[in-house]
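Every heavy atom of this structure was used, including side-chain atoms; hydrogens, water molecules and symmetry mates were not. Letters A, B, ... are given to chains in the order of the sequence lines, protein chains preceding strands, and every chain is numbered from 1. None of these values were measured; they are calculated from a predicted model.
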Amino acid sequence: MIDIKFLRENPDVVRASQKARGEDVSIIEKALAADEIRKSALDQFETLRAEQNLLSKSVATAKGEEKATLLESAKALAAKVKEADVKRTQCEAEAKAFIMQISNVIDPQAPIGKEEDFVVIENVGKPRVFDFEPKDHVELGKLLGAIDTERGAKVAGSRSYYLTGVGAMLEFALVNYAITSANKAGFTPVIPPVLVNPSAMEGTGFLGQAAENVYHLEKDDVYLVGTSEVPLAAMHMDEILVAEKLPMRYAGYSTCFRREAGTYGKDTRGIIRVHQFDKVEMFSFCHPDQAKEEHLRLLQWEKDFLNAMEIPYRVIDVASGDLGSSANRKFDIEAWIPTQDAYREVTSTSNCTEFQARRLNIRFKDNDATKAVATLNGTLVAIPRMIVAILENHQNADGTVNIPAALQPFLGTKRFELV
RNA sequence: GGAGGGCUCGCAUAGCGGCCGAGUGCACCGGUCUUGAAAACCGGCAUACGAAAGUAUCGUGGGUUCAAAUCCCACGCCCUCCGCCA
(Lines give C-alpha, C1' and ligand atoms only; values in the text may rest on other atoms or scores of the structure.)
Protein backbone atom coordinates (compact mmCIF):
# COMPACT_ATOMS: atom_id res chain seq x y z
CA MET A 1 0.00 0.00 0.00
CA ILE A 2 1.39 3.36 -0.94
CA ASP A 3 1.42 6.27 1.46
CA ILE A 4 -1.75 8.26 0.89
CA LYS A 5 0.00 11.45 1.97
CA PHE A 6 2.72 10.88 -0.57
CA LEU A 7 0.07 10.29 -3.20
CA ARG A 8 -1.72 13.51 -2.33
CA GLU A 9 1.48 15.53 -2.44
CA ASN A 10 3.17 13.85 -5.40
CA PRO A 11 0.51 12.57 -7.77
CA ASP A 12 2.81 13.14 -10.74
CA VAL A 13 5.52 10.91 -9.37
CA VAL A 14 3.03 8.11 -8.77
CA ARG A 15 1.52 8.65 -12.20
CA ALA A 16 4.93 8.35 -13.85
CA SER A 17 5.63 5.21 -11.85
CA GLN A 18 2.37 3.57 -12.86
CA LYS A 19 3.08 4.46 -16.46
CA ALA A 20 6.59 3.00 -16.33
CA ARG A 21 5.14 -0.21 -14.98
CA GLY A 22 2.61 -0.32 -17.76
CA GLU A 23 -0.16 -0.16 -15.19
CA ASP A 24 -3.35 1.83 -14.92
CA VAL A 25 -2.60 5.55 -14.56
CA SER A 26 -6.22 6.66 -14.24
CA ILE A 27 -6.40 4.86 -10.92
CA ILE A 28 -4.59 7.81 -9.37
CA GLU A 29 -7.36 10.32 -10.09
CA LYS A 30 -9.88 7.77 -8.91
CA ALA A 31 -7.98 7.14 -5.70
CA LEU A 32 -7.56 10.84 -4.99
CA ALA A 33 -11.22 11.57 -5.68
CA ALA A 34 -12.34 8.65 -3.55
CA ASP A 35 -10.06 9.84 -0.78
CA GLU A 36 -11.67 13.29 -0.84
CA ILE A 37 -15.11 11.73 -0.61
CA ARG A 38 -13.85 9.53 2.19
CA LYS A 39 -12.59 12.53 4.10
CA SER A 40 -15.83 14.45 3.87
CA ALA A 41 -17.89 11.40 4.80
CA LEU A 42 -15.65 10.89 7.79
CA ASP A 43 -15.96 14.52 8.72
CA GLN A 44 -19.75 14.38 8.54
CA PHE A 45 -19.87 11.28 10.65
CA GLU A 46 -17.54 12.69 13.26
CA THR A 47 -19.47 15.94 13.57
CA LEU A 48 -22.73 14.06 14.05
CA ARG A 49 -21.13 11.69 16.48
CA ALA A 50 -19.74 14.53 18.56
CA GLU A 51 -23.23 15.98 18.70
CA GLN A 52 -24.64 12.64 19.74
CA ASN A 53 -22.07 12.12 22.46
CA LEU A 54 -22.93 15.51 23.87
CA LEU A 55 -26.66 14.91 23.73
CA SER A 56 -26.32 11.46 25.28
CA LYS A 57 -24.55 12.99 28.22
CA SER A 58 -27.35 15.45 28.83
CA VAL A 59 -29.86 12.61 28.68
CA ALA A 60 -28.07 10.96 31.55
CA THR A 61 -28.57 13.90 33.90
CA ALA A 62 -32.01 15.07 32.69
CA LYS A 63 -35.18 14.21 34.57
CA GLY A 64 -38.88 13.76 33.81
CA GLU A 65 -40.39 15.73 30.98
CA GLU A 66 -37.07 17.21 29.93
CA LYS A 67 -35.61 13.77 29.63
CA ALA A 68 -38.44 12.58 27.41
CA THR A 69 -37.92 15.47 25.01
CA LEU A 70 -34.20 14.93 24.94
CA LEU A 71 -34.66 11.25 24.30
CA GLU A 72 -36.84 11.98 21.34
CA SER A 73 -34.27 14.20 19.65
CA ALA A 74 -31.53 11.77 20.61
CA LYS A 75 -33.35 9.02 18.84
CA ALA A 76 -33.66 11.07 15.69
CA LEU A 77 -29.99 11.93 15.87
CA ALA A 78 -29.03 8.30 16.40
CA ALA A 79 -30.68 7.44 13.10
CA LYS A 80 -28.71 10.14 11.35
CA VAL A 81 -25.47 8.97 12.93
CA LYS A 82 -26.14 5.46 11.80
CA GLU A 83 -26.75 6.61 8.26
CA ALA A 84 -23.55 8.67 8.25
CA ASP A 85 -21.65 5.73 9.66
CA VAL A 86 -22.81 3.40 6.93
CA LYS A 87 -21.84 5.96 4.34
CA ARG A 88 -18.44 6.48 5.91
CA THR A 89 -17.74 2.75 5.98
CA GLN A 90 -18.69 2.53 2.35
CA CYS A 91 -16.54 5.47 1.29
CA GLU A 92 -13.58 4.16 3.24
CA ALA A 93 -13.82 0.79 1.57
CA GLU A 94 -14.06 2.39 -1.84
CA ALA A 95 -11.09 4.65 -1.26
CA LYS A 96 -9.03 1.78 0.08
CA ALA A 97 -9.91 -0.42 -2.87
CA PHE A 98 -8.46 2.17 -5.23
CA ILE A 99 -5.40 2.89 -3.16
CA MET A 100 -4.62 -0.80 -2.84
CA GLN A 101 -4.53 -1.09 -6.61
CA ILE A 102 -1.64 1.33 -6.90
CA SER A 103 1.77 -0.34 -7.04
CA ASN A 104 4.87 0.76 -5.21
CA VAL A 105 6.58 3.80 -6.68
CA ILE A 106 9.54 2.57 -8.70
CA ASP A 107 13.09 3.49 -7.87
CA PRO A 108 14.19 6.22 -10.31
CA GLN A 109 17.27 4.15 -11.04
CA ALA A 110 15.30 1.13 -12.17
CA PRO A 111 15.36 0.65 -15.94
CA ILE A 112 12.12 1.66 -17.63
CA GLY A 113 10.46 -0.79 -19.96
CA LYS A 114 9.04 -4.26 -20.36
CA GLU A 115 10.38 -7.62 -19.29
CA GLU A 116 13.00 -7.69 -22.03
CA ASP A 117 14.28 -4.22 -21.18
CA PHE A 118 16.31 -5.34 -18.19
CA VAL A 119 19.85 -4.06 -17.83
CA VAL A 120 22.73 -6.45 -17.29
CA ILE A 121 24.71 -5.13 -14.36
CA GLU A 122 27.51 -7.64 -14.49
CA ASN A 123 28.62 -10.98 -15.80
CA VAL A 124 30.50 -13.25 -13.46
CA GLY A 125 32.42 -16.25 -14.79
CA LYS A 126 32.34 -17.49 -18.34
CA PRO A 127 29.98 -20.10 -19.76
CA ARG A 128 31.97 -23.31 -19.87
CA VAL A 129 33.09 -24.62 -23.24
CA PHE A 130 32.36 -28.35 -23.44
CA ASP A 131 34.47 -30.74 -25.44
CA PHE A 132 31.54 -33.14 -25.42
CA GLU A 133 27.81 -32.81 -25.86
CA PRO A 134 26.49 -31.73 -22.43
CA LYS A 135 23.49 -33.61 -21.09
CA ASP A 136 20.57 -31.78 -19.56
CA HIS A 137 19.67 -32.12 -15.91
CA VAL A 138 16.85 -34.58 -16.60
CA GLU A 139 19.24 -37.00 -18.21
CA LEU A 140 21.95 -36.44 -15.64
CA GLY A 141 19.37 -36.82 -12.89
CA LYS A 142 18.47 -40.24 -14.26
CA LEU A 143 22.07 -41.37 -14.65
CA LEU A 144 22.87 -40.34 -11.08
CA GLY A 145 19.62 -41.61 -9.63
CA ALA A 146 19.00 -38.06 -8.40
CA ILE A 147 15.81 -36.89 -10.08
CA ASP A 148 12.74 -38.89 -11.07
CA THR A 149 10.23 -36.78 -12.97
CA GLU A 150 8.34 -39.72 -14.48
CA ARG A 151 7.26 -41.14 -11.17
CA GLY A 152 6.66 -37.60 -9.95
CA ALA A 153 4.12 -37.18 -12.74
CA LYS A 154 2.60 -40.59 -12.03
CA VAL A 155 2.02 -39.79 -8.39
CA ALA A 156 1.43 -36.06 -8.34
CA GLY A 157 0.87 -34.91 -11.90
CA SER A 158 2.83 -32.62 -14.14
CA ARG A 159 5.58 -30.41 -12.71
CA SER A 160 6.17 -32.88 -9.89
CA TYR A 161 9.31 -34.86 -9.19
CA TYR A 162 11.16 -37.01 -6.73
CA LEU A 163 14.61 -36.13 -5.53
CA THR A 164 16.25 -39.42 -4.71
CA GLY A 165 19.66 -40.59 -3.53
CA VAL A 166 22.29 -37.98 -4.28
CA GLY A 167 19.54 -35.63 -5.42
CA ALA A 168 18.06 -35.64 -1.95
CA MET A 169 21.53 -35.45 -0.41
CA LEU A 170 22.32 -32.47 -2.59
CA GLU A 171 19.24 -30.65 -1.32
CA PHE A 172 20.28 -31.22 2.28
CA ALA A 173 23.81 -30.03 1.48
CA LEU A 174 22.55 -26.87 -0.22
CA VAL A 175 20.17 -26.05 2.60
CA ASN A 176 22.83 -26.74 5.16
CA TYR A 177 25.37 -24.59 3.43
CA ALA A 178 22.84 -21.79 2.92
CA ILE A 179 21.55 -21.76 6.47
CA THR A 180 25.01 -22.08 7.96
CA SER A 181 26.37 -19.15 5.98
CA ALA A 182 23.28 -17.03 6.61
CA ASN A 183 23.53 -17.73 10.30
CA LYS A 184 27.16 -16.66 10.24
CA ALA A 185 26.17 -13.47 8.47
CA GLY A 186 23.79 -12.63 11.28
CA PHE A 187 20.49 -13.94 9.95
CA THR A 188 18.18 -15.69 12.35
CA PRO A 189 17.35 -19.09 10.87
CA VAL A 190 13.61 -19.71 10.70
CA ILE A 191 11.38 -22.60 9.80
CA PRO A 192 8.10 -20.82 9.24
CA PRO A 193 4.55 -22.07 8.74
CA VAL A 194 3.74 -22.70 5.09
CA LEU A 195 0.01 -22.78 5.72
CA VAL A 196 -1.10 -19.25 6.42
CA ASN A 197 -4.32 -17.36 6.94
CA PRO A 198 -5.81 -14.86 4.49
CA SER A 199 -4.55 -11.80 6.35
CA ALA A 200 -0.93 -12.93 6.01
CA MET A 201 -1.39 -13.67 2.31
CA GLU A 202 -3.25 -10.45 1.71
CA GLY A 203 -0.83 -8.35 3.72
CA THR A 204 2.18 -9.53 1.78
CA GLY A 205 0.43 -8.71 -1.47
CA PHE A 206 0.01 -12.17 -2.90
CA LEU A 207 -3.73 -12.01 -3.31
CA GLY A 208 -3.56 -9.32 -5.96
CA GLN A 209 -2.29 -10.11 -9.44
CA ALA A 210 -0.46 -13.17 -8.11
CA ALA A 211 -3.63 -14.67 -6.62
CA GLU A 212 -4.13 -17.27 -9.31
CA ASN A 213 -0.76 -18.76 -8.51
CA VAL A 214 -1.42 -19.57 -4.89
CA TYR A 215 -3.03 -22.71 -3.58
CA HIS A 216 -6.06 -22.07 -1.42
CA LEU A 217 -7.53 -24.72 0.87
CA GLU A 218 -11.12 -23.65 0.86
CA LYS A 219 -12.39 -25.91 3.56
CA ASP A 220 -10.14 -24.30 6.14
CA ASP A 221 -9.63 -20.97 4.39
CA VAL A 222 -5.85 -21.18 4.52
CA TYR A 223 -3.26 -20.71 1.84
CA LEU A 224 -0.11 -22.62 0.93
CA VAL A 225 2.69 -20.11 0.62
CA GLY A 226 4.60 -19.71 -2.62
CA THR A 227 7.61 -18.43 -0.70
CA SER A 228 8.61 -18.05 2.92
CA GLU A 229 8.62 -14.32 2.27
CA VAL A 230 4.95 -14.53 3.28
CA PRO A 231 5.30 -15.98 6.78
CA LEU A 232 8.54 -14.05 7.36
CA ALA A 233 7.01 -10.69 6.45
CA ALA A 234 3.82 -11.42 8.34
CA MET A 235 5.76 -12.56 11.39
CA HIS A 236 5.88 -9.01 12.75
CA MET A 237 2.47 -7.96 11.47
CA ASP A 238 0.85 -5.32 13.72
CA GLU A 239 4.03 -4.87 15.71
CA ILE A 240 6.17 -1.89 16.58
CA LEU A 241 9.80 -2.96 16.25
CA VAL A 242 12.62 -1.64 18.38
CA ALA A 243 14.57 0.82 16.22
CA GLU A 244 17.95 -0.19 17.65
CA LYS A 245 17.40 -3.77 16.54
CA LEU A 246 17.05 -2.87 12.88
CA PRO A 247 17.95 -4.32 10.51
CA MET A 248 16.33 -7.56 11.63
CA ARG A 249 17.35 -10.32 9.28
CA TYR A 250 15.79 -13.75 8.93
CA ALA A 251 16.69 -16.73 6.79
CA GLY A 252 13.60 -18.85 6.26
CA TYR A 253 13.71 -22.39 5.00
CA SER A 254 10.45 -23.68 3.66
CA THR A 255 8.66 -25.58 1.01
CA CYS A 256 7.07 -23.34 -1.61
CA PHE A 257 3.90 -24.14 -3.49
CA ARG A 258 3.00 -22.62 -6.83
CA ARG A 259 0.09 -23.36 -9.08
CA GLU A 260 1.98 -22.16 -12.15
CA ALA A 261 -1.32 -21.30 -13.78
CA GLY A 262 -0.90 -20.00 -17.30
CA THR A 263 2.56 -21.46 -17.85
CA TYR A 264 1.43 -24.60 -19.67
CA GLY A 265 3.88 -24.35 -22.51
CA LYS A 266 6.87 -23.09 -20.51
CA ASP A 267 9.65 -25.21 -19.05
CA THR A 268 7.70 -28.41 -19.21
CA ARG A 269 10.82 -30.55 -19.11
CA GLY A 270 12.70 -31.13 -15.91
CA ILE A 271 12.55 -29.28 -12.63
CA ILE A 272 13.03 -25.66 -13.65
CA ARG A 273 9.36 -24.86 -13.05
CA VAL A 274 7.58 -27.03 -10.52
CA HIS A 275 4.59 -26.91 -8.18
CA GLN A 276 6.56 -27.63 -5.05
CA PHE A 277 10.13 -26.91 -4.07
CA ASP A 278 12.24 -25.93 -1.10
CA LYS A 279 13.95 -22.62 -0.73
CA VAL A 280 16.05 -20.61 1.69
CA GLU A 281 14.88 -17.03 1.65
CA MET A 282 16.48 -13.96 3.21
CA PHE A 283 14.20 -11.36 4.67
CA SER A 284 15.11 -8.03 6.21
CA PHE A 285 13.20 -5.44 8.17
CA CYS A 286 15.19 -2.23 8.10
CA HIS A 287 15.14 1.53 8.46
CA PRO A 288 13.72 3.08 5.27
CA ASP A 289 16.86 5.20 4.89
CA GLN A 290 18.91 2.01 4.87
CA ALA A 291 16.84 0.08 2.37
CA LYS A 292 18.97 0.76 -0.69
CA GLU A 293 22.18 -0.34 1.01
CA GLU A 294 20.43 -3.36 2.48
CA HIS A 295 19.21 -4.32 -0.96
CA LEU A 296 22.79 -4.35 -2.26
CA ARG A 297 23.85 -6.42 0.71
CA LEU A 298 21.20 -9.03 -0.03
CA LEU A 299 22.39 -9.09 -3.62
CA GLN A 300 25.96 -9.60 -2.44
CA TRP A 301 24.95 -12.60 -0.30
CA GLU A 302 23.21 -14.08 -3.31
CA LYS A 303 26.33 -13.57 -5.40
CA ASP A 304 28.47 -15.14 -2.70
CA PHE A 305 26.30 -18.21 -2.88
CA LEU A 306 26.57 -18.51 -6.67
CA ASN A 307 30.31 -17.94 -6.45
CA ALA A 308 30.61 -20.73 -3.92
CA MET A 309 28.69 -23.00 -6.29
CA GLU A 310 31.20 -22.05 -9.00
CA ILE A 311 28.49 -21.29 -11.49
CA PRO A 312 28.72 -18.63 -14.20
CA TYR A 313 25.96 -16.06 -13.88
CA ARG A 314 24.87 -12.56 -14.62
CA VAL A 315 23.06 -9.99 -12.53
CA ILE A 316 20.21 -8.08 -14.09
CA ASP A 317 18.41 -4.94 -13.02
CA VAL A 318 14.79 -5.86 -13.67
CA ALA A 319 12.83 -3.38 -15.80
CA SER A 320 9.91 -1.40 -14.38
CA GLY A 321 7.30 -3.39 -16.29
CA ASP A 322 8.47 -6.66 -14.76
CA LEU A 323 8.57 -5.60 -11.11
CA GLY A 324 6.16 -7.12 -8.64
CA SER A 325 3.66 -4.61 -7.31
CA SER A 326 5.40 -4.37 -3.93
CA ALA A 327 8.92 -3.94 -5.27
CA ASN A 328 10.43 -0.61 -6.19
CA ARG A 329 13.52 -2.30 -7.57
CA LYS A 330 14.55 -5.88 -8.22
CA PHE A 331 17.78 -7.63 -9.09
CA ASP A 332 17.73 -11.12 -10.50
CA ILE A 333 20.65 -13.46 -10.71
CA GLU A 334 20.56 -15.71 -13.72
CA ALA A 335 22.73 -18.78 -13.84
CA TRP A 336 24.17 -20.15 -17.04
CA ILE A 337 22.30 -23.27 -18.11
CA PRO A 338 24.47 -24.99 -20.75
CA THR A 339 21.83 -27.11 -22.46
CA GLN A 340 19.50 -24.17 -22.82
CA ASP A 341 22.35 -21.98 -24.01
CA ALA A 342 20.88 -19.27 -21.82
CA TYR A 343 20.97 -17.56 -18.47
CA ARG A 344 18.00 -18.55 -16.31
CA GLU A 345 16.74 -16.90 -13.16
CA VAL A 346 17.87 -18.66 -10.00
CA THR A 347 17.55 -15.94 -7.38
CA SER A 348 15.81 -12.62 -7.04
CA THR A 349 15.97 -9.82 -4.53
CA SER A 350 13.39 -7.05 -4.14
CA ASN A 351 13.30 -3.82 -2.22
CA CYS A 352 9.72 -3.30 -1.10
CA THR A 353 10.53 -0.08 0.79
CA GLU A 354 7.65 0.66 3.20
CA PHE A 355 5.01 -0.58 0.79
CA GLN A 356 4.59 -4.04 2.26
CA ALA A 357 5.08 -2.94 5.86
CA ARG A 358 2.33 -0.38 5.54
CA ARG A 359 -0.14 -3.07 4.59
CA LEU A 360 1.09 -5.38 7.31
CA ASN A 361 1.22 -2.54 9.81
CA ILE A 362 4.84 -3.12 10.81
CA ARG A 363 6.37 -0.02 12.32
CA PHE A 364 9.24 1.26 14.40
CA LYS A 365 9.83 4.31 16.57
CA ASP A 366 11.95 6.90 14.85
CA ASN A 367 12.56 9.48 17.56
CA ASP A 368 8.97 10.39 18.43
CA ALA A 369 7.25 9.32 15.26
CA THR A 370 6.04 5.82 14.57
CA LYS A 371 6.83 4.95 10.97
CA ALA A 372 6.57 1.99 8.67
CA VAL A 373 9.77 -0.05 8.31
CA ALA A 374 11.20 -1.07 4.96
CA THR A 375 11.11 -4.73 4.00
CA LEU A 376 13.39 -6.53 1.58
CA ASN A 377 13.61 -10.09 0.46
CA GLY A 378 16.06 -12.17 -1.51
CA THR A 379 16.52 -15.80 -2.48
CA LEU A 380 19.55 -17.46 -1.00
CA VAL A 381 18.88 -20.71 -2.76
CA ALA A 382 15.91 -22.19 -4.57
CA ILE A 383 16.77 -25.88 -4.57
CA PRO A 384 15.60 -27.31 -7.91
CA ARG A 385 17.04 -24.54 -10.03
CA MET A 386 20.30 -24.70 -8.15
CA ILE A 387 20.40 -28.45 -8.68
CA VAL A 388 19.86 -27.89 -12.39
CA ALA A 389 22.69 -25.36 -12.50
CA ILE A 390 25.08 -27.56 -10.56
CA LEU A 391 24.42 -30.75 -12.46
CA GLU A 392 24.59 -29.16 -15.87
CA ASN A 393 27.59 -26.91 -15.25
CA HIS A 394 29.72 -29.42 -13.40
CA GLN A 395 29.06 -32.54 -15.46
CA ASN A 396 31.70 -34.74 -16.95
CA ALA A 397 31.54 -36.56 -20.29
CA ASP A 398 30.50 -39.82 -18.65
CA GLY A 399 27.60 -38.23 -16.76
CA THR A 400 29.30 -37.98 -13.39
CA VAL A 401 29.18 -34.57 -11.72
CA ASN A 402 31.88 -32.73 -9.79
CA ILE A 403 30.78 -31.23 -6.51
CA PRO A 404 31.74 -27.61 -5.77
CA ALA A 405 34.30 -27.37 -2.98
CA ALA A 406 31.92 -25.49 -0.68
CA LEU A 407 29.47 -28.39 -0.68
CA GLN A 408 31.98 -31.19 -0.33
CA PRO A 409 32.10 -31.06 3.47
CA PHE A 410 28.33 -31.50 3.54
CA LEU A 411 28.36 -34.42 1.12
CA GLY A 412 31.54 -36.17 2.11
CA THR A 413 32.55 -36.67 -1.51
CA LYS A 414 33.91 -34.75 -4.51
CA ARG A 415 31.85 -36.33 -7.20
CA PHE A 416 28.43 -37.78 -7.87
CA GLU A 417 28.84 -41.19 -9.50
CA LEU A 418 26.54 -43.03 -11.86
CA VAL A 419 24.13 -45.52 -10.33
C1' G B 1 -14.65 -33.85 17.19
C1' G B 2 -17.02 -33.02 22.43
C1' A B 3 -17.31 -30.25 27.50
C1' G B 4 -15.86 -26.08 30.28
C1' G B 5 -12.89 -21.31 31.50
C1' G B 6 -10.72 -16.87 29.63
C1' C B 7 -9.32 -12.60 26.24
C1' U B 8 -8.99 -4.72 29.32
C1' C B 9 -3.04 0.39 28.04
C1' G B 10 4.71 -3.54 28.24
C1' C B 11 3.27 -7.20 32.44
C1' A B 12 -0.39 -8.23 36.42
C1' U B 13 -5.09 -6.77 37.67
C1' A B 14 -9.94 -3.28 38.76
C1' G B 15 -14.14 -1.98 36.17
C1' C B 16 -21.72 -0.42 38.57
C1' G B 17 -25.08 0.33 30.76
C1' G B 18 -23.97 7.03 31.35
C1' C B 19 -19.24 10.15 36.28
C1' C B 20 -14.46 5.04 31.59
C1' G B 21 -9.80 6.28 27.06
C1' A B 22 -10.44 3.48 31.25
C1' G B 23 -8.43 2.92 38.18
C1' U B 24 -4.40 0.32 40.88
C1' G B 25 0.42 -2.32 41.27
C1' C B 26 4.90 -3.54 38.70
C1' A B 27 8.06 -2.14 34.81
C1' C B 28 9.77 2.11 32.07
C1' C B 29 11.21 7.56 31.39
C1' G B 30 12.21 12.55 33.71
C1' G B 31 13.00 15.16 38.35
C1' U B 32 13.87 16.03 43.92
C1' C B 33 16.98 13.94 47.63
C1' U B 34 22.15 11.47 47.70
C1' U B 35 29.47 11.68 47.11
C1' G B 36 27.09 7.82 43.91
C1' A B 37 23.22 4.29 43.98
C1' A B 38 18.94 2.16 46.34
C1' A B 39 14.71 3.69 48.98
C1' A B 40 11.27 7.59 49.43
C1' C B 41 8.73 11.51 47.11
C1' C B 42 6.97 14.43 42.63
C1' G B 43 5.75 14.21 37.48
C1' G B 44 5.17 11.51 32.87
C1' C B 45 3.88 7.03 30.40
C1' A B 46 -1.45 3.57 24.28
C1' U B 47 -2.35 4.28 19.11
C1' A B 48 -4.38 6.37 14.49
C1' C B 49 -6.52 10.57 11.72
C1' G B 50 -6.73 15.95 12.58
C1' A B 51 -4.01 22.71 12.67
C1' A B 52 -7.44 22.27 16.52
C1' A B 53 -12.03 21.00 18.33
C1' G B 54 -12.95 16.27 17.94
C1' U B 55 -13.47 11.07 16.33
C1' A B 56 -12.15 5.98 16.67
C1' U B 57 -10.00 1.81 19.29
C1' C B 58 -11.06 -2.65 26.07
C1' G B 59 -9.63 -10.13 20.83
C1' U B 60 -12.61 -9.42 15.80
C1' G B 61 -17.30 -8.57 13.43
C1' G B 62 -22.44 -7.72 14.04
C1' G B 63 -26.79 -6.51 17.23
C1' U B 64 -29.80 -4.14 21.37
C1' U B 65 -29.79 1.08 23.38
C1' C B 66 -30.42 8.11 23.31
C1' A B 67 -25.75 5.86 25.40
C1' A B 68 -21.81 -0.51 25.44
C1' A B 69 -15.30 -2.42 28.23
C1' U B 70 -20.06 -3.50 30.68
C1' C B 71 -26.08 -6.75 27.71
C1' C B 72 -27.01 -10.33 23.25
C1' C B 73 -25.13 -13.20 18.82
C1' A B 74 -21.27 -15.08 15.64
C1' C B 75 -16.20 -15.85 14.80
C1' G B 76 -10.92 -15.98 16.27
C1' C B 77 -7.18 -17.03 19.74
C1' C B 78 -5.43 -18.96 24.55
C1' C B 79 -6.07 -22.43 28.78
C1' U B 80 -8.21 -27.10 31.19
C1' C B 81 -10.50 -31.92 30.49
C1' C B 82 -12.27 -36.08 27.14
C1' G B 83 -11.71 -38.52 22.27
C1' C B 84 -8.34 -39.27 18.05
C1' C B 85 -3.34 -38.91 16.42
C1' A B 86 2.46 -38.09 13.93
Answer with base, sugar-phosphate or nothing: what part of the nucleic acid does [X] contact at a heavy-atom distance below 4.0 Å?
| X | value |
| --- | --- |
| A:Leu71 | base |
| A:Asp43 | nothing |
| A:Lys80 | nothing |
| A:Glu72 | nothing |

Using purine N1 to pyrimidine N3 plus N6-O4 or O6-N4 for Watson-Crick, or N1-O2 and O6-N3 for G-U wobble, each under 3.5 Å, what pairs with [N]?
| N | value |
| --- | --- |
| B:C58 | none |
| B:C77 | B:G6 |
| B:C41 | B:G31 |
| B:G1 | B:C82 |
| B:G50 | none |
| B:C19 | none |
| B:A12 | B:U24 |
| B:A67 | none |

Which residue is it: A:Tyr253, A:Trp301, A:Phe285? I am looking for the one with a ring pair (Phe, Tyr, Trp, His ring centres under 6.0 Å) to A:Phe187.
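Of all the options given, the one that passes is A:Trp301.
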What interatomic distance, in whole Å, is found between [atom1] of [M] and the corresponding atom of [N]?
| N | M | atom1 | answer |
| --- | --- | --- | --- |
| B:C41 | B:U34 | C1' | 13 Å |
| B:A22 | B:G54 | P | 13 Å |
| B:C16 | B:A69 | C1' | 12 Å |
| B:U64 | B:C73 | P | 15 Å |
| B:A46 | B:A27 | C1' | 15 Å |
| B:G62 | B:A68 | P | 14 Å |
| B:C26 | B:A14 | C1' | 15 Å |
| B:U32 | B:A38 | P | 13 Å |

Roughly, in whole Å, what's the span from [atom1] in [X] to [atom2] in [N]?
| X | N | atom1 | atom2 | answer |
| --- | --- | --- | --- | --- |
| A:Leu54 | B:G18 | CG | C1' | 13 Å |
| A:Asp220 | B:G1 | CG | C1' | 14 Å |
| A:Asn197 | B:G59 | CG | P | 19 Å |
| A:Asn53 | B:U65 | CG | P | 18 Å |
| A:Asp85 | B:G63 | CG | C1' | 13 Å |
| A:Phe45 | B:C49 | CZ | C1' | 13 Å |
| A:Ile240 | B:C9 | CD1 | P | 14 Å |
| A:Lys57 | B:G21 | NZ | C1' | 11 Å |

Say whether, by atom type as modelled, one donor and one acceptor occur between the side chain of A:His394 and the main chain of A:Met309 under 3.5 angstrom.
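Answer holds: yes.
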From [options], nucleotide with atom closest to [X] side chain:
| X | options | answer |
| --- | --- | --- |
| A:Lys5 | B:U55, B:C66, B:G50 | B:G50 |
| A:Ser56 | B:G54, B:A67, B:U64 | B:A67 |
| A:Ala50 | B:C66, B:U55, B:A48 | B:U55 |
| A:Thr370 | B:U55, B:C66, B:U47 | B:U47 |
| A:Arg363 | B:A48, B:U55, B:A67 | B:A48 |

Determine, using ring centers only, whether A:His295 and A:Phe331 are less than 6.0 Å apart.
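Aromatic pair counts; centres sit under 6.0 Å.
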Verdict with supporting geometry, A:Lys82 and A:Asp85, salt bridge (Lys or Arg N to Asp or Glu O under 4.0 Å):
CA-CA 5 Å; A:Lys82 189 152 211 169; A:Asp85 191 22; over 6 Å; no
B:U64 phosphate, OP1 or OP2, under 4.0 Å from A:Lys82 side-chain N/O:
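Yes, A:Lys82 has a side-chain N/O under 4.0 Å of OP1/OP2 on B:U64.
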Position toward the 5' end of RNA chain B (nearest nucleotide), A:Arg49 or A:Ala74:
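Upstream on the strand: A:Arg49.
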Between A:Lys75 and A:Lys371, which residue's closest nucleotide on RNA chain B lies nearer the 5′ terminus?
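On the 5' side of the pair lies A:Lys371.
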Indicate yes or no: does A:Glu36 engage A:Lys39 in a salt bridge with an N to O separation below 4.0 Å.
yes
Answer yes if the side chains of A:Lys279 and A:Thr379 hold a donor-acceptor pair under 3.5 Å, and no otherwise.
no
Between A:Phe45 and A:Arg88, is there a cation-pi geometry (under 6.0 Å to ring centre, at most 45° from the normal)?
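Cation-pi check for A:Arg88 and A:Phe45: passes.
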Pair A:Arg159-A:Asp267, salt bridge (Lys or Arg N to Asp or Glu O under 4.0 Å): steps then yes or no
CA-CA 9 Å; A:Arg159 299 201 186 287; A:Asp267 304 312; over 6 Å; no
